[in-house]
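Every chain is numbered from 1, with letters handed out A, B, ... down the list of sequences. The analysis underlying the following values was restricted to heavy atoms, covering all of them including side chains, and did not include hydrogens, waters or symmetry mates. None of these values were measured; they are calculated from a predicted model.
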Amino acid sequence: MLRAPWRQKGKGRKMELKYSPKAIEEKWQAHWEKENLFAVTEDESREKYYLLEMFPYPSGRIHMGHVRNYSIGDVVARFLRMRGFNVLHPMGWDAFGMPAENAAIKAGIHPATWTRENIDYMKKQLKKLGFSYDWSREMATCDVSYYRWEQLFFLKMYEKGLAYKKSSYVNWCETCQTVLANEQVEGGACWRCDQSVAQKEMDQWFFKITEYVEELLDHTDKLPGWPERVLTMQKNWIGKSFGSRIFFPLEGMDDQLTVFTTRADTLFGATFMSIAPEHPMVKVLSRGTSQEEAVTDFVQRTVLSKRGDREAGMVEKEGIFTGSYCINPVTRARMPIYVANFVLMEYGTGAVMAVPAHDHRDFEFACKYGLPVKVVIQPDKGSTPLNPEGLTAAFEEDGVLVESGEFSGMPSEDARVAITEHLAGNGQGELTTQYRLRDWGISRQRYWGAPIPIIYCETCGTVPVPPEDLPVVLPTDVELLPNGASPLPVHEPFAVVNCPACGETARRETDTMDTFVESSWYFARFASGNHGEGPLDREKVKYWLPVNQYIGGIEHAVLHLLYSRFFTKVLRDMGYLTVDEPFENLLTQGMVIKDGAKMSKSKGNVVDPDQMVEAYGADTVRLFCLFASPPEKDLEWSDQGVEGSFRFISRIWRLVAENEKALREAVPYEGGAQLSKPLRDLHRKTHQTIRKVSEDIHDRFHFNTAIASVMELVNMMYQLQESPPSDDRYWPVMKEGVEAMVLLLSPIVPHVAEELWRGLGHEESIVNAPWPRWREEALEADEMLIVVQVNGKLRSRVTVSARAGREEMERAALQDERVQDFIAGKDIRKVVVVPGKLVNIVL
RNA sequence: GCCUGGGUGGUGGAAUAGGUAGACACAAGGGACUUAAAAUCCCUUGCACCAAGCGUGCGUGCGGGUUCGAUUCCCGCCCCAGGCACCA
């Protein structure tokens with residue numbers, strides 16, 4: 001048992017009057033660690049709570065965003081622990097990724113060394129902040145003992161067809177020398193380095209996330225604990241739309257072009273066809289025509305242009321006639337086929353039927369190339385009809401069909417189905433559903449990642465590494481190339497292997513997996529401890545999952561959170577997990593900003609957590625992060641606000657230190673005995689505060705208002721100290737208030753709370769102290785202040801008995817002198833009484 | 001363009017179920033203590049007017065509406081932030 005300073009110091013004043021955080025923080029951190037207070041095991045007799053914060057990338061040092069994220073999580077973890085839950089609160093490292101490689105190239109340190117050193121430093125930082133993690137579960141995703149299981153998942157996914165390889169145009173970042181998933185391209189630029197992304201045709205591994213698209217979409221309605229905007233972002237990303245697939249026969253060829261459209265009602269107005277430059281039919285359609293050379297030229301130019309510019313609509317619409325025609329299946333009209341730079345190969349079928357009268361893009365294109373415009377939809381009655389001759393813009397809304405044969409007169413909505421069904425009858429079309437979501441490309445041409453367990457053999461083709469040969473260990477004896485290209489392909493001992501099937505010399509896959517794969521299942525690994533027999537311990541995972549509360553930044557709204565949901569479903573179907581969704585509740589905290597902008601080195605507005613902890617202590621930094629704004633909002637850093645937080649802790653410190661002896665000797669008041677009014681007020685305030693803080697933390701994570709209410713309690717105790725009552729219950733009631741204050745603040749400022757708790761005479765750690773309960777009878781006041789309004793305007797306040805009913809409230813209000821002035825000589829039409837709140841007299 | 005949030009004092013923010021708008025804090029001002037300063041403690045602090053009161057009027061982006069009563073609910077608009085965006 002560690003000896004507390006007030007005992008070490010012997011006689012005289014035992015607690016320092018001045019609050020100095022350094023010594024007490026180090027002392028209690030060491031104590032908690034030694035006593036192993038935060039390690040947990042499965043315990044069926046207790047209700048479990050799995051609290052998780054997004055684990056950090058070990059970039060070197062933690063930043064204020066981490067401090068905020070983890071402070072929020074720690075309050076919840078400590079609070080629920082005091083409430084008796086078996087709380088799992090783990091921490092680890094998202095340790096694969098490019099910064100390690102970049103540092104290696106720049107500074108000549110091996111990525112593994114760099115990562116390890118960063119982890120060591122950041123772990124020290126987290127410990128200095130006093131977070132209550134179960135460090136026994138710590139892991140880094142670059143550990144072989146972690147990624148080996150990911151390779152096993154890959155093999156199982158490969159077996160089920162959920163991991164497959166295909167050649168396609170992919171997003172290529174020249175700076176990062178690697179491919180990016182669609183989710184990792186933001187506004188046409190790389191999510192990490194901002195480099196504009198180009199298209200490149202490559203052989204790549206994909207995870208078939210589209211296999212789960214319906215479930216991923218459906219389950220967004222089964223996540224009431226997620227913020228609406230995150231769910232909306234995911235729904236938008238999945239981008240489900242209903243429409244039709246229509247087949248257009250090619251003139252003079254025994255083949256057809258397939259398009260996807262949501263506007264089959266406009267089919268009679270389709271006058272030409274636009275296809276993507278990457279479309280496989282481009283070559284066939286232009287071959288042998290006078291356009292052949294020009295088309296090849298155009299395609300080359302367009303495909304090479306930056307995807308970002310092309311996708312963002314920055315490039316002017318351009319196209320070229322292929323030299324071939326197709327036939328409109330309903331009008332039999334000849335439609336020229338164009339290659340157009342605005343048609344995307346990745347969406348739909350890569351071919352679009354162009355209806356210039358009813359689509360602004362087609363309109364723009366038709367005007368530019370002098371193509372026919374045919375109006376087939378007229379606005380509903382009441383609006384001015386479209387003039388087919390002088391059309392100045394496309395009419396894109398629904399309306400009534402015209403010039404559409406038997407479908408003329410039909411509303412758009414009905415016609416979409418009717419026309420498609422008509423086509424379906426002739427095998428010329430079908431109703432279909434289209435998604436924006438595409439499969440997740442996971443190949444990365446980088447070194448610092450988990451190797452993909454595949455071998456290429458000249459005779460046997462693609463051969464998965466047999467599970468018993470796992471792990472495929474990432475070699476560490478590599479020389480990193482200055483241009484960032486992966487050294488693995490030229491690392492012979494790694495790249496050259498014997499084929500597991502025929503034994504002949506073969507080559508390994510040298511691409512590594514996207515690091516988002518690691519973070520897609522780490523939460524389940526934490527629940528398994530460092531299970532050695534397999535990826536997950538089914539029983540343990542069953543006990544802990546799902547994560548009850550997940551906390552992290554909004555920036556992962558689509559990326560990490562969508563991938564994790566997908567992985568959870570895959571692992572469920574493999575029999576590892578029993579849950580459908582990984583995270584029951586999600587809290588997305590706001591950014592930490594300074595001077596109105598996100599903290600960044602380039603803006604020079606970074607506040608260093610180390611310096612802050614050094615200057616004020618961890619408790620002050622935590623308190624400020626929680627007090628300055630509610631978690632989901634941005635937090636504006638304020639040095640003066642930090643000073644204020646430090647002052648508040650000093651204030652509670654002095655309240656205990658200055659009255660140490662009296663408080664230690666007092667027995668907390670527990671009700672019963674009669675109290676004088678000031679003490680009754682304090683007793684009530686104490687219990688009101690307990691209720692307020694409990695509800696604010698439990699129901700809504702509003703720590704700022706919880707802290708504010710403790711401040712009110714503290715202010716009241718200081719007020720009472722100004723003129724202490726002679727009542728002999730003074731110290732018992734003060735002790736009740738002080739103990740509540742310390743307990744309520746302990747999840748937020750755990751070190752100072754622990755110190756004060758011991759100072760009040762407690763032998764056991766506050767970490768395991770039960771959370772205080774409020775008593776209803778203590779909340780009851782003997783009188784209450786009610787508001788009196790006349791015609792809805794506040795005119796007076798009257799004090800009535802707490803038990804006053806409607807009649808008594810009304811009587812008291814009407815008798816009030818000030819109210820009398822307002823109602824004298826007037827008829828009272830109505831009196832509204834809200835029990836316990838107000839009386840409104842309507843004249 | 002579409003989809004989400006959001007707009008409250010000098011500042012961060014509060015008002016949880018339609019019921020005292022501005023809790024709590026920062027900043028500012030004043031006072032006490034001190035030889036002085038710092039620290040600490042206490043008081044004032046939305047705006048305007050004034051007869052200076054437990055005063056009156058105004059006030060939660062703007063304009064309407066519902067209601068005895070609206071920061072809160074409804075309709076229309078403006079602005080800011082984030083996401084998606086040539087998605088056919």
Scan every strand shown for a Watson-Crick or G-U wobble partner of [N], both distances under 3.5 Å, and answer none if you come up empty.
| N | answer |
| --- | --- |
| B:C2 | B:G83 |
| B:G53 | none |
| B:A23 | none |
| B:U60 | none |
| B:A28 | B:U44 |

Regarding [X], tell me which of base, sugar-phosphate or nothing describes its non-hydrogen contacts under 4.0 Å with the strands shown.
| X | result |
| --- | --- |
| A:F627 | base |
| A:R797 | base |
| A:D699 | nothing |
| A:G644 | sugar-phosphate |
| A:R245 | nothing |

- Query: For the base of B:C68, is there a side-chain donor-acceptor partner from A:N840 under 3.5 Å away?
  - Reply: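 By the distance-only test, yes, there is a pair.
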- Message: Please determine whether any donor N or O and acceptor N or O are separated by less than 3.5 Å between the side chain of A:K317 and the base of B:C86.
- Response: yes
- Euclidean distance for C1', B:G69 against B:A21 (whole angstrom):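 To the nearest whole Å, 14 Å.
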- For A:N715 and B:A23, is the shortest distance between a side-chain N/O and OP1 or OP2 below 4.0 Å? no
- Item | Any A:E396 side-chain heavy atom under 4.5 Å of A:I377 side chain |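 Sidechains of A:I377 and A:E396: no contact.
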- Query: What parts of residues 784-794 of chain A reach RNA chain B, counting only heavy atoms under 4.0 Å away?
  - Reply: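 Heavy-atom cutoff 4.0 Å gives A:V787, A:Q789, A:K793.
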